[in-house]
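Below is one structure, written out as structure tokens, with a few remarks after it.
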Amino acid sequence: MDVSTDLVSHHHAGHHPHQHDSGHDHHELGWWRKYVFSTDHKVIGIQYLITGLIFLLLGFTLMMLMRWQLAFPGRSLPLIGNLLERAVGPGAMPDGRMTPDFYNSLGAMHGTIMIFLGIVPVAFAAFGNFVVPLQIGAPDMTFPKINMASYWAFFVGGIVMLVSFFVPGGAAKGGWTSYTPLSVITDKGGIHHWFFNGQTLWLVGFILLITSSLLGAVNFITTIIQLRAKGLTWMRLPFFVWAQLVTAFLLLLAFPPLEAAIVMQLMDRIGATSFFMPTGLVVNGAAVAISGGGSPILWQHLFWFLGHPEVYVLILPGMGIVAEIIANNTRKPLWGYKSLVFAALVLGFLSFIVWAHHMWLTGMGSVVSAFFQTTTLIISIPSVIILSAFFISLWGGSIRFNTPMLFATAFLPMFGIGGLTGIPLSFNSADLYLHDTYYVIAHFHYIVAPGTIFALFAGIYYWFPKATGRRMNEFWGKVHFWPSLICMNVIFLPMFLQGMLSMHRRWYDGGQGWNIANEKVWGLSGFQWNVPISAAAWVMGLAQIPFIINFFWSIKRGEKVNDNPWQATTLEWAAPSPPPHGNFAVTPVAHRGPYEYSLPGRERDFTMQNEPIRDSDREAYAAAAAAHH
Amino acid sequence: MINQPLALINELFGQPPNASEHGFQIDHILEFSQWFMAVLFVGWSAFFIYVLVRFRKGRNPVADHEGVKSGISTHLEFAVVLIEAVLLIGFAIPLWGRYVNEFPESKDAIIVHAVGQQFNWNFHMPGPDGQFGKRDISLVSNSNSLGLDPASEAGKDDIVVLGELHVPVNRPIIVETSSKDVIHNFALPHMRAAQDAIPGQIIPLWFTPIKTGSYEIVCGQLCGLGHYGMKGNLVVDTPEEYQAWLKERVELSGTQAAPAPTDRPEGEPPGGGNIQGSVAPPGAPKTGDPSNNPAPANSPAPDAPPQHP
Amino acid sequence: MDIPYTTTARPDTGLWNAKIGIWLFLASEVMLFGGLFSAYVFLRLDALPGYWPHGLLNVPVGTMNTAILIGSSVTVVLAWAALKMRQFNRYKIYMGITILCGIIFLAVKLAYEWPDKFQHFGAYIRQDRLEKYEEYLGNHHMLERGLEPRVEITGHLHNHDALHDPNIHEYEVQLDQVNAAPTDPASDRPHFWPLPKSQKIAVIEKADVEHAEMFVPKHNTFFATYFTITGLHGLHVLGGVIVFTYFWLPIGANLYKRNPEHLANRVEVAGLFWHFVDLVWIFVFPLFYLL
Amino acid sequence: MNETQQPTATEVIADGHVKAGHAQEEPMHDDHSHVAAHVNKYLMVGGLLLLFTGLTVFLSYVDFGTHKMNMAVGMVVATIKAGLVAMIFMHLNAERQLIYRILVFTVFFVLALFFLTYLHWYDPISR
Ligand code: HEA
Ligand code: HEA
Ligand code: CUA
Ligand SMILES: [Cu+2]
């Protein structure tokens, strides 16, 4: 069966990506301009993807090292311990044993890298760049040069973060949250350079990352508003585009206050000001020579003003990806499209006014806490709506379990577990007990690791054919999926138990020295659970090898497929694979909503957005409208 | 008792038993929300598995364009909202309101100042006169870790201890937390009490211990390289034992007196038992730059483990 | 390949791309300065009595700079209007004035206002030694009038070495009028024209001082916010000047020959940014100089 | 779904983006007289802003009873000035819906940031 549709221009199959007849710039770009300093949204998207994946792997590697220390505190790391000592300096790994400072560096950098250099670049920038213009039928982003600047700001920011591992004293140690005054007083004096020290580089790198995100956000929003194809009205946008739009707004409006805070922290560190430093500090038995008068809580407000919207930045693109894949592989429209869109908008809006739920224990009074508890609970409703709509979408489908779909289906219960465990945290009084324990760690990892990361995997398997014209290997995809699913749960489920024991996070000794962590639950003591958890983390590391090989192998050797191998409906599948510079040979026009699968009266079980309306469609739509009354 | 089946879930998850008067309320809200989660999880999971099996391609080759037509999900979402609202308005908000607004009368309460520092807790008690002596940061030294003013009359009989706090059972305790350097978190898991100790602020928390014993005081906020070992001890004494302790302390009182605490009272199993020294590898060199973060002389060396008996 | 709607408006939104882009960017700028100003509010509310200084900045100079920025805001719309009316020479004149205004603003800030502060000295007296310096602080008098206490002695530091040399045990300060005659309401801050320094010299022992510096960012949270916000604002002014200069020099202005509307749009977008910078200053000026 | 016509591929090219991309060549003459009419207004507003600047300075030396009151007065005048800049110079008095929508949310979030942090400062349990 020929799956390419009427409107996919057949003569473009196997078309060379950089020759096309609609453009004006016939001159060939040099290699540098084409692949490195490119302004083409697809190239930039792929640059973001590869860089982001490498950072993701790096963040995971840091965590695998930490997991050794957590499972076997103080034991020297076999094989690579001595290597590491040479790489990062003896201060960090004497005899291959991790020091507390190095552990804290790894923890802070794991959080920072995963969130700001891994997930955001991949979920937002990479998928957004590659897919959004194609899905809305646009030739490129509105501001291609700014797009390129955004990538390079990110790249340099990432390098700055990485370099900080190798400066005297090592990388930032204050946690990804960088709470003041700790982060102002660390990495100072002695061997530390006044500028090239971990925490200062963290701040500088962050400014670059924020710049990158802001440029990206402006570009995405303008593109989605301005470059939608003819007929692609707001309610015909794929849910993925909506998710990216809301995400872009979150980045646009939530990041700047953190940028302000970062400038202030830089001033505190370099200019010895006291924005976040209260009067009367005594460090190491000596009064600190500063004016004082600042407020540590101010930092937390500004940090979490970004921090909470940021967590939705981590999840919304994932939800968007999952929505596309579920619709495609159930072969039926998403259930409740309108409520999904509405829920995403509400989620975005509310995420700006819940931030203080990370600050329950900073001494807030009953009024403020009542306000934030209420908003926090209200914000769980749109998530419930979105997840319910996904679940219900499965009903009545004809579900194909290919690799993208496996990852997308697994996303649902994993996000469910993570989201549900947010509920006890949102009650101030319950969080009193759970705050900063492994329960919190488990809560958010269920959302970002088997949640978002699985969504990213799903998206990679799904759009790979569009980017390369080839499909990734299904068998190895499944070999990647099942161990990953099992390991994720072995890693994070026991953390709920540890958290309920009140085992606290950021403990270098993994709780070994604490009585509470040595209480037994389910046969093992809280501390002993670290061993299976770590083992699962390392096995999961191994389970990524098939993916990495499959990914690179398939670029050149994967099975060749046509322009629409998944028989999907949205506009990106109407472009050639890979799409040439300028994307579409014929500017597409949308005639219908995004998910017209199994439309009655059609011979095929999918009807693309750019297929003109037929009489039979009108009947089907009328019947559907009638059924809803 | 209605509590029994509810409490089951916290126990199942391994939460250590509560030892304070208000703690059961906190456990309750935790139980409610965990049951709520469990019900939703089981319900949705059952639906999920059924759907995946029933509507797989092999079993259902042709999809239905419309899917679910009933409005069941709306009812479900409404139920979720309702339960959350009840938990919030009925329990969580009033509970926090009571907790932070209705501090026990200070005449029957015991008031303690807990001052965090990298990486230990200083406790300051007023002594028999019930008056706290003046503290001044310019007087802080290794032997006077809180900067207690020797000239202050009220301070003459004050008790300053490091790491270990004794309180009597069944009396409300108000702990006024603060910090000398960075943010710590004064957490008493068994008492279901916790509060950030923030430099420049004094924030109180209260609880009434109802069981004697020795409980760990956790520092729940990353505060530097010794964070993991920043452990205190709360010893809940019988009134007699408490008086004896007080007496002994008052005799030693003054600023210089505080001896190093013992970390674990006798009869308590050492944590981690079998494995070599809890954290620091034996013979590991000191880490970091000493001029940067040397621990004050009266707190454990940064990379030393919490002391074992 | 061309990107649609770079100069013409998309029919359903009525806007061309860069117009949306700049407004989005300005929205993020609003949040950036919002974060800084909320820090200002937070720190000012938190400040202990007497610790938030008042009337330390030079009001006439600040007023002049405000006027310069407002003037440049006018000229930049006129420059845009000139382009719209296809009067290229007028455009060059107005844009030239705008750039000049921006440069003057920066020069005043960097060459006069900031250095002037860096030459001024202030010493915060320890709470328990305030009484000793009553003759310079006049707190009994302040208390009577129901005013916040004074805790700082300011003026010109005669022995500059005292700042670094641990062997010097006191500061010799040629006092500002407030501290020279602390009970005279006429010498109290604020003043429109800054009062000249008195001839009186006070000797302040270092041991009595909580902390003392020149008026640099670390002196107190007031100067920390002042330098940070005006510094960041100054960077914005600089950015605007650079962009305007590009549009003014032939390299950018030559676009006029090819597509005057495109140049007008570019100037409009840059102008929007410039107005925003002006708008921020409108709040900075009263908050730091006057109130 | 009330799509009624089916544009053909040629129509797409005829009235789609492709054409819009070239529309830039023709200058928009109708705009010019419109702009000329505004020039005086810009000058007047500039004058008004200078006036208000003087007013702010003046008012800051008038005692309104409490310092808070002076703050309030100063901020009101500043807000009026900012309003003039935004309305007239930045053309917000006649802008598209979309821009307003973006700004409304932005303003709401800034105010939330101010208000909620203020509230936390105002309602602490610390002593
Ligand atoms: C993408 C990331 C993400 C997401 C989406 C969320 C979502 C939520 N988070 Fe989470 N959170 C984090 C990331 C995230 N969080 C991180 C990173 C931290 C720690 C930061 C740090 O301190 O380092 C944190 C911490 C955190 C805290 C602070 C805890 C503490 O420090 O003490 C709180 C408190 O209220 C909270 C609450 C919530 C709530 C109520 C939601 C709600 O939005 C969740 C709503 C979702 C649901 C309610 C699920 C609905 C599902 C169903 C109904 C179906 C169920 C079906 C099956 C299971 C089959 N989170
Ligand atoms: C998006 C965010 C994110 C993600 C995805 C993860 C993923 C993981 N995290 Fe992390 N974590 C955080 C954010 C995240 N984490 C944060 C914010 C903290 C708090 C830090 C702090 O305290 O300040 C934290 C803390 C944290 C801790 C607590 C440490 C402590 O408190 O002391 C632990 C402990 O086990 C942990 C474990 C893990 C594990 C095992 C994973 C695994 O799930 C990782 C899985 C990763 C992969 C599977 C990578 C796959 C990549 C590839 C396959 C790339 C392929 C490459 C190419 C094709 C080129 N994390
Ligand atoms: Cu103190 Cu952690
Ligand atoms: Cu949150």
Side-chain angles (χ1 to χ4, degrees), chain A residues 73-74 94 97 99-101 175 179 181-182 189-191 278 280-285 287 331-332 335 361-363 366 369-370 373 377 384 388 392 394-400 420 423-424 427-430 432-433 436 497 500-502 504 506-509 512-516 518 521 598, chain B residues 13-15 26 29-30 33 37 51 55-57 60-61 63-65 67-68 73 77 80 84 88 92-93 95-97 100-101 137 140 142 180-183 189 192 194-196 198-200 203 216 218 220 222 225 228 271-272 278-279 281 284-285 287-289 291-292 294 296 303 305-306:
Chain A
R97 293 169 175 152
T99 61
D101 261 346
Y179 276 9
L182 177 63
I191 51 171
L281 286 188
V282 180
V283 176
N284 304 332
R331 315 304 294 161
K332 59 185 283 297
W335 189 89
L361 298 186
T362 55
S366 47
S369 97
Q373 290 186 66
L377 275 185
V384 172
S388 306
I392 295 173
L394 299 172
W395 185 279
S398 170
I399 305 174
R400 307 187 299 208
L420 287 172
I423 289 173
F427 296 120
N428 194 338
S429 32
L432 179 73
Y433 182 75
D436 258 342
L497 302 179
M500 284 299 286
L501 273 179
S502 194
H504 277 58
R506 295 162 170 174
W507 268 355
Y508 161 74
D509 67 350
Q512 188 191 24
W514 293 81
N515 294 334
I516 43 172
N518 283 290
V521 255
S598 304
Chain B
F13 285 162
Q15 193 191 27
I26 284 176
I29 209 160
L30 203 56
S33 40
M37 280 157 40
V51 170
F55 293 104
R56 66 183 194 274
K57 191 172 181 190
N60 195 37
D64 171 10
H65 184 66
V68 171
S73 77
E77 279 148 18
V80 170
E84 286 188 354
L88 177 71
I93 292 180
L95 181 54
W96 192 253
V100 300
N101 293 335
I137 61 155
V140 169
N142 277 344
K180 286 159 69 176
D181 38 38
V182 302
I183 301 179
R192 314 293 192 249
Q195 173 58 54
D196 276 358
I198 301 172
I203 312 176
E216 278 172 333
V218 179
L222 181 63
L225 79 173
Y228 70 98
S278 99
V279 179
T287 55
D289 172 34
S291 69
N292 177 34
D303 55 350

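A note on names: the letters A, B, ... follow the listed sequences, proteins ahead of strands, and every chain is numbered from 1.
- If you take CG on A:Leu361 and CD1 on B:Ile183, they are separated by 11.5 Å, rounding to the nearest 0.5 Å.
- Annotation: the span from A:Ser598 atom OG to B:His65 atom NE2 amounts to 8.0 Å, rounded to 0.5 Å.
- Heavy atoms of B:Leu88 lying under 4.5 Å from chain A belong to its backbone as well as its side chain.
- Among B:Glu84, B:Arg56, B:Arg192, the residue with the largest count of heavy-atom pairs under 4.5 Å with chain A is B:Glu84.
- Heavy-atom pairs under 4.5 Å with chain B peak, among A:Gly397, A:Ser398, A:Ala370, at A:Ser398.
- Ranked by heavy-atom pairs under 4.5 Å with chain B, the first of A:Val521, A:Leu420, A:Val384 is A:Leu420.
- The minimum heavy-atom distance between A:Pro424 and B:Met37, with the atom names listed, is CD-SD, 3.4 Å.
- Rounding to the nearest 0.5 Å places CG of A:Asp436 at 8.5 Å from CG of B:Leu222.
- The backbone N or O of A:Ile516 lies less than 3.5 Å from a partner atom in the side chain of B:Glu216, making a donor-acceptor pair.
- Heavy atoms closer than 4.5 Å to chain A are found in the side chain of B:Leu95, but not in its backbone.
- Pairing each heavy atom of B:Val51 with each of A:Trp395, the nearest pair is CG2-CE3, 3.6 Å.
- Between chain B and the residues A:Leu281, A:Val282, A:Leu497, the largest count of heavy-atom pairs under 4.5 Å involves A:Val282.
- Listed options A:Pro181, A:Gly175, A:Gly280 were ranked by heavy-atom pairs under 4.5 angstrom with chain B; first place goes to A:Pro181.
- In this structure, B:Ile29 CD1 and A:Ile423 CD1 are separated by 12.0 Å, a value rounded to the nearest 0.5 Å.
- Only the side chain of A:Pro278 comes within less than 4.5 Å of a heavy atom of chain B; its backbone N, CA, C and O stay farther away.
- The main-chain N or O of A:Gly363 is never found under 3.5 Å from a side-chain atom of B:Asp196 such that the two would form a donor-acceptor pair.
- Heavy atoms of A:Ser388 lying under 4.5 Å from chain B belong to its backbone as well as its side chain.
- Looking at B:Val100, the atoms closer than 4.5 Å to chain A (heavy atoms on both sides) all sit in the side chain, from C-beta outward.
- Across all their heavy atoms, A:Met500 and B:Leu30 have their closest contact at CE-CD2, 3.9 Å.
- Put simply, of A:Ile392, A:Asn428, A:Leu377, the one with the most heavy-atom pairs under 4.5 Å next to chain B is A:Asn428.
- Separation of atoms CD (B:Gln15) and CG (A:Leu501) is listed at 9.0 Å; rounding is to 0.5 Å.
- With chain A as the partner, the residue from B:Val80, B:Ile198, B:Asp181, B:Asn101 showing the most heavy-atom pairs under 4.5 Å is B:Asp181.
- Residue A:Ser366 holds its OG atom at 9.5 Å from CD1 of B:Ile93, rounded to the nearest 0.5 Å.
- Contact detail for B:Tyr228 and A:Tyr508: the closest heavy-atom pair is CB-N, 3.4 Å.
- Between the side chain of B:Trp96 and the backbone N or O of A:Phe427, no donor-acceptor pair lies under 3.5 Å.
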